[in-house]
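Each residue takes its place number in the sequence, starting with 1. As the structure is a computational prediction, the values presented were derived from the model and not from experiment.
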Amino acid sequence: MTRELGVDVARGVAVVSMFVAHFAPVAGPGEVLNLSEYLTAPLFALLIGWGAQLGRGREREAWSVVVRATVLVVVGLLLERAGAQIVVVLVWLGLLTLLAGVLVRLHTVLVAAVGVAVFVAAPRALEQAREWVLERLMAGQPTDGFLGETLELTVAGPYYRLSGLLPLACLGILLARHSGRIVTTVTLLAAAVGAVALAGAQAADEVQMAPYTGTQLVMVFEVCLVVAVVQGCRTVAPLLGGFGRLSATVGAMTLSLYVAQVLLAAWYVADRPLEFRDDSWWVLGGMVVGSYALAAAWPRVVRRAPWSRGPLEGPVRALVEVPVPGRSR
């Protein structure tokens, strides 16, 4: 997959935002740190779409998609057993990677149509699915099983839903296809204005938004935030020098750092009372500093490709490069 400095910097922002969402003990002045709750998963989703477009037409494209999606799902299922106070999003991102691998083959108009249709339908689908669950519970009927788990994955999950992430992946594909300076500047300004306006309206109690609720207004806010962040990172990345390159390396090691934070969070709460929380400035600071230290040290210590990509990124890339019968694309 072709790498773009600004996109990898945006991945680095997603990693830091993830740490803030999981470990910040307070919301910060003006609840600014709560923005991470709106930003993190949607940003990962948009970057999956963007990455799918960057990898379009490359050698072993389809096999790469299958490998990366499978690794995300398997690692996600394993991490759910770790006992951390974190809702692991990797299963959703793995399935989204597969869907993005299909969507990226469609014409731009079709990608836009799918994204808009799901974006509009998602809040209503969430309401109907939860009504169904409530009716089943009141009737004393089970809500788990294949149908219940499918609904949770697709439209009715309490935190993550494919219906909420898919439009962002579509948007990532579209923005990657139209990534010139004019589009970048216009979308950056429009998204920034929209995000500031909605955040201001929320602060003034003119609108009511809460992260993960999946309302249409929350989805609009998420779109504004992630577009502003990605286009902002792409704009300023060339000006950041070594720090930008280091942040991009952090972003390129997202899977390793995701696994590390879940394992650290599980260790931190192990053998503690159930009411003990993992929210801690020490954990947050340690993850941020440790991530940048790992990004600085790993490529210098491990120089051989593909292992220099990261502790887990190297093995994943090695799996992608394993010879498979049939076509290579």
Side-chain angles (χ1 to χ4, degrees), residues 4 6-7 9-14 16-18 20-21 27-51 53 96 100 103 108-109 111-126 159-237:
E4 182 182 330
V7 175
V9 170
R11 290 190 177 97
V13 171
V16 174
S17 176
M18 171 180 71
V20 172
E31 298 190 348
V32 65
L33 297 183
N34 274 354
L35 292 177
S36 63
E37 303 283 359
Y38 296 94
L39 176 65
T40 305
L43 183 52
F44 280 133
L46 185 141
L47 291 169
I48 283 174
W50 199 299
Q53 181 60 39
L96 188 65
L103 288 167
T108 295
V109 173
V111 175
V114 170
V116 170
V118 176
F119 182 87
V120 172
R124 180 56 182 159
L126 175 59
Y159 295 98
Y160 307 120
R161 300 165 287 275
L162 283 175
S163 59
L165 300 175
L166 185 62
L168 290 153
C170 292
L171 182 58
I173 293 171
L174 296 174
L175 291 176
R177 288 180 181 179
H178 304 280
S179 56
R181 180 173 298 179
I182 293 177
V183 173
T184 298
T185 302
V186 170
T187 54
L188 169 59
L189 293 175
V193 169
V196 170
L198 285 172
Q202 169 89 335
D205 290 327
E206 295 174 0
V207 299
Q208 297 297 320
M209 296 187 298
Y212 311 112
T213 53
T215 66
Q216 204 79 80
L217 191 60
V218 166
M219 294 178 71
V220 170
F221 187 48
E222 291 170 349
V223 167
C224 291
L225 278 179
V226 299
V227 172
V229 167
V230 172
Q231 302 295 45
C233 288
R234 295 180 63 241
T235 300
V236 304

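- Two residues are said to be in side-chain contact when any heavy atoms from C-beta on lie closer than 4.5 Å; Leu217 and Val207 meet this criterion.
- With contacts defined as side-chain heavy-atom distances shorter than 4.5 Å, the pair Met18/Ser36 does not qualify.
- For the side chain to side chain contact (heavy atoms under 4.5 Å, CB included) test, residues two or more places apart in sequence or in another chain that qualify with Val116 are Val120.
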#### Entry: side chain to side chain contact (heavy atoms under 4.5 Å, CB included) between Val223 and Phe119, intermediate numbers included
CA-CA 10 Å; Val223 167; Phe119 182 87; 4.1 Å; yes

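- Nearest heavy atoms, Ala169 versus Leu96: CB-CD1, 3.9 Å.
- Applying the side chain to side chain contact (heavy atoms under 4.5 Å, CB included) rule to Ala27 yields the partners Glu31, Asn34; only residues at least two apart in sequence or on another chain are considered.
- Across Ala41 and Leu165, no two heavy atoms sit closer than the pair O-CD2, 4.0 Å.
- Applying the side-chain hydrogen bond (donor to acceptor under 3.5 Å, both in side chains) test to pairs two or more places apart or on separate chains, those with a residue in residues 204-228 are Glu37-Tyr212.
- The shortest non-hydrogen separation linking Ala21 to Thr40 is CB-OG1, 4.2 Å.
- Closest heavy-atom contact between Ser17 and Leu39: OG-CD2, 3.7 Å.
- No side-chain heavy atom of Val230 sits under 4.5 Å from any side-chain heavy atom of Leu175.
- Among residues two or more places apart in sequence or in another chain, the side chain to side chain contact (heavy atoms under 4.5 Å, CB included) test is passed with Val32 by Pro29, Leu35.
- Nearest heavy-atom pair, Ala237 versus Gly6, reported as atom, atom and distance to 0.1 Å: CB-CA, 3.7 Å.
- In this view, Arg124 and Glu127, Gln128, Glu131 satisfy the side chain to side chain contact (heavy atoms under 4.5 Å, CB included) rule, not counting sequence neighbours.
- Sorted by first and then second residue, the side-chain hydrogen bond (donor to acceptor under 3.5 Å, both in side chains) pairs with a member in residues 162-190 read Gln53-Arg177, Thr108-Arg177, Thr184-Arg234, Thr187-Gln231; sequence neighbours excluded.
- Under the ring-ring contact (aromatic ring centres under 6.0 Å, His included) criterion, the residue pairs touching residues 27-47 are Tyr38-Phe221, with sequence neighbours excluded.
- The heavy-atom pair separating Leu188 from Ala228 by the smallest distance is CD1-O, 3.4 Å.
- The distance from atom CG of Leu168 to atom CG of Leu47, rounded to the nearest 0.5 Å, is 10.0 Å.
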### Task
May I have the step-by-step check of side chain to side chain contact (heavy atoms under 4.5 Å, CB included) for Leu103 and Cys170, ending in yes or no?
CA-CA 7 Å; Leu103 288 167; Cys170 292; 3.7 Å; yes

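- Rounded to the nearest 0.5 Å, atoms CE (Met209) and CE (Met219) are 13.5 Å apart.
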